[in-house]
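Lettering of chains follows the sequences in order, A, B, ..., and the numbering in each one begins at 1. All figures in this text were calculated on a predicted structure; none of them were measured in a lab.
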Protein chains: 2
Amino acid sequence: MELSDRKKLILRAVVENYIQTAEPVGSKAIVASAGLKVSSATIRNEMAELESLGLLEQPHTSAGRIPSPQGYRLYVNELMEEHRLTIQETQKINDALHLKIRQMDQVMSEAGKIISQLTRYPTFALATGSKKSVISRYDLLMVEENAFIAVLMTDGQVVKNKLFRVSEPVSAPQLQLLSTLLNTSFTGLTLDQLTPELLKVSAHAGEEAYSLISLVVSFAIEVLEEMENHVVHTAGIPSLLAHPEYQSLEKAEPLMNYLAEMGSDLNLPVIQDKNVKILIGPENLADELKDSSVIMASYDIGGGMQGVIGVVGPTRMDYADLAARLSYFADGLSRMFGKGEIPAPTEEE
Amino acid sequence: MELSDRKKLILRAVVENYIQTAEPVGSKAIVASAGLKVSSATIRNEMAELESLGLLEQPHTSAGRIPSPQGYRLYVNELMEEHRLTIQETQKINDALHLKIRQMDQVMSEAGKIISQLTRYPTFALATGSKKSVISRYDLLMVEENAFIAVLMTDGQVVKNKLFRVSEPVSAPQLQLLSTLLNTSFTGLTLDQLTPELLKVSAHAGEEAYSLISLVVSFAIEVLEEMENHVVHTAGIPSLLAHPEYQSLEKAEPLMNYLAEMGSDLNLPVIQDKNVKILIGPENLADELKDSSVIMASYDIGGGMQGVIGVVGPTRMDYADLAARLSYFADGLSRMFGKGEIPAPTEEE
DNA sequence: TTTAGCACTCGGGAGGAATGAGTGCTAAAT
DNA sequence: ATTTAGCACTCATTCCTCCCGAGTGCTAAA
């Protein structure tokens, strides 16, 4: 069933009033804010109907109405106008992007901090993707007699390194040999393909080579595990407390703990079709989020992976504004990854 | 003036009772807990004196006593018995150390998480040291025609890398040349020595070399800046809410925000003589910490740097227990850095 | 110096009245 | 058929007030 235009107008007024004031919206307030030429009694009748449709609800009998999750959903889907960012806002986001993000592997952790500062909401950031990462190349660098550095690169262009200290001395030619071996036998393999393979190689090379190889390969496994584990970075969790819906500790604490501890077992649907995805109240899978909303945007990392960055807040959020900001931010990140390089401030000369 | 033994006993009983119950301690409770063969009236007299000495205070007239910051300080300095960890506790810490910390550069961020989980207090972790870091070696790895990896190692044995994409194609011999140049002219320099030097080199080599060199050097500068910036990692901030002294948002919020935002401008005295340092209430420099305590332990990173890891909580903390746990944990980290290698689970066979 | 006894203080919780915003419903008006 | 004015009603919130009890300080005796 389709709502009358007037009902839509009223629902929208309720949502937008409530987003601003955080107080239940009464019929008189609607008359004042929406440009309707009807009396408050009429509004009351309409609101009663909107309530029976499940779009509005009453905290208690003698209070105004607040939007239900379904009400917000309808608002987001049909009523909300796309928010246009001001030049200042885009400028702010651009500045933050370019100033703060220096190294590619900091993107995950820094992006969250930036968004959290910009929006004053808690944020989470993670990388995802169905495609399994593989190591595309190995380099071994001799440091001294019993220390060397392994540098690994994944197909997603992520580079990781680790310093190894070993008891038996190693030589440069030896490392050369090993890295050839690694590059021929241990590249292009996904995490599950990587373990049993070890044995074969130990036959070819000597005892010592075996132990070195296994050191580097177990490092490779760590790296791949880390990539698949979808570590979730969070930032700005205490910002929650600034919002009236989390003024009571019973509300705030479970959510804050959930956010602080959301590790690999994230209960969010991370696949998304469009750039921005909004989950309202009970649409969230995690119990701790049933009374909150999540707005997230995705960006392309390359190598078949995508990054997701989102904010968490009360269902009473400025969806239009946040969606626009996140989307713009995510686009900026996509662009950075697309270019494969950070537009550092030094480049602009 | 030296306190009588009985006063010491009473002070200690008050502190330890209060640490456990979080409720002001009355004279009767003291009689019951401390093994004193005197009546509650005597205790009351003694407590009145302890109060006038500034060691105890009364939340309000008709309540028991709680320790003042000076009271805690005296307790920590003289009365507290060193806490012996149980086998289980040390085991737990060892397990956490070995399981969670895989790569050296994760130590900072992981250590905090571990301690926070172990203690259920918010933690902070940072690296410090008067000595300036320098880059001790550069390696350039050719990836493809217009991409290469720079691997930098500091004198503190930290290795960082970055993938560069360049518009002009580069060749392996060229990179070889550049890395020699970098290693001869740009190693052993502190952050402040690093900038003006650039010009000299541009004369030697051609145009293109210049731009590549400056790319790598500016990365080196970023790395050194990052090391000097003493980035503070925090974890477990919401754990604060579990403690009764932070049940009211007015108390909890400023502190949580402070912790969440404590960036480079950390107002803590980071130098320390012993392994563990305790700051009680107003001994803290930051206003936000005036009603809280900080317990921190340091560990040796090598290369003239030391790491600091600490917990933040109410002044009513189990100082003995936490000091012991942190100290043990920090010693474990020192050992790891001393060996220069992570005792990975795979090695234990 | 210690102790028993007692009056006193004060925070915290329970109960209850006043307040007021906002409703639903009815009956008249358009 | 819809809209509106009017009015009784509901209920969260605020502000008293009262009461309780834990714990104190003080006094006077041991």
### Task
Looking only at side-chain atoms of B:S27, point me to the closest of D:dG6, D:dT24, C:dA4.
D:dT24

### Message
Output the rounded distance in Å from CZ (A:R44) to P (D:dG6).
### Response
12 Å

### Query
Could you give the CD-to-C1' distance, from B:E23 to C:dC10, as a whole number of Å?
16 Å

### Query
What's the closest nucleotide to the A:T42 side chain, out of D:dT3, D:dG25, C:dT23?
D:dT3

### Query
With nearest nucleotides of DNA chain C determined for A:G26 and B:V38 from heavy-atom distances, which residue corresponds to the more 5′ nucleotide?
B:V38

#### Entry: Minimum-distance nucleotide to A:M47 side chain [options: C:dT23, D:dT3, C:dT3]
C:dT23

### Query
The side chain of A:H60 lies closest to which of these nucleotides: C:dT23, D:dG25, D:dA12?
D:dA12

### Query
Is any side-chain N or O of B:T61 closer than 4.0 Å to OP1 or OP2 of C:dC10?
yes

### Task
Under a 3.5 Å limit for both distances, which nucleotide forms a Watson-Crick or G-U wobble pair with C:dT19, could you say?
D:dA12

### Query
Nearest to the side chain of B:R6, which nucleotide is it out of D:dT24, C:dT2, C:dT3?
C:dT2

### Atom pair distance, as rounded to whole Å: CG in B:N45 and P in D:dT27
12 Å

### Atom-pair distance (CD1 on A:I43; P on C:dA21), nearest Å
19 Å

### Greater than 12 external heavy atoms within 6.0 Å of A:K8's NZ
yes

### Query
Taking everything shown except A:E78 itself, do over 12 heavy atoms lie less than 6.0 Å from its CD?
yes

### Task
Using a cut-off of 6.0 Å, state whether more than 12 heavy atoms not belonging to B:Q247 lie near its atom CD.
yes

### Message
For D:dT24, give the paired nucleotide (Watson-Crick: N1-N3 plus N6-O4 or O6-N4; G-U: N1-O2 and O6-N3; both under 3.5 Å), or none.
### Response
C:dA7

### Query
Under 3.5 Å, side chain of B:N284 to main-chain N/O of B:G281, donor-acceptor pair present?
yes

### Message
Classify B:S40 by what it touches in the nucleic acid, base, sugar-phosphate, or nothing, heavy-atom distance under 4.0 Å.
### Response
nothing

### Query
Is there a donor on the side chain of A:S62 or the base of D:dT10 sitting less than 3.5 Å from an acceptor on the other?
yes

### Message
Between C1' on D:dG25 and CD on B:Q58, what's the gap in Å once rounded to a whole number?
### Response
9 Å

### Message
Between B:R12 and B:E81, does any side-chain N to carboxylate O distance fall below 4.0 Å?
### Response
yes

### Query
Can you check the B:I30 CD1 to D:dG23 C1' distance for me, whole Å?
13 Å

### Between P of D:dT2 and CG of A:L36, the distance in whole Å
17 Å

### Message
Is the phosphate of C:dT3 approached by B:S39 (side-chain N or O, under 4.0 Å from OP1 or OP2)?
### Response
yes

### Message
Just the rounded figure in Å: distance from P of C:dT1 to CD of B:E46.
### Response
10 Å

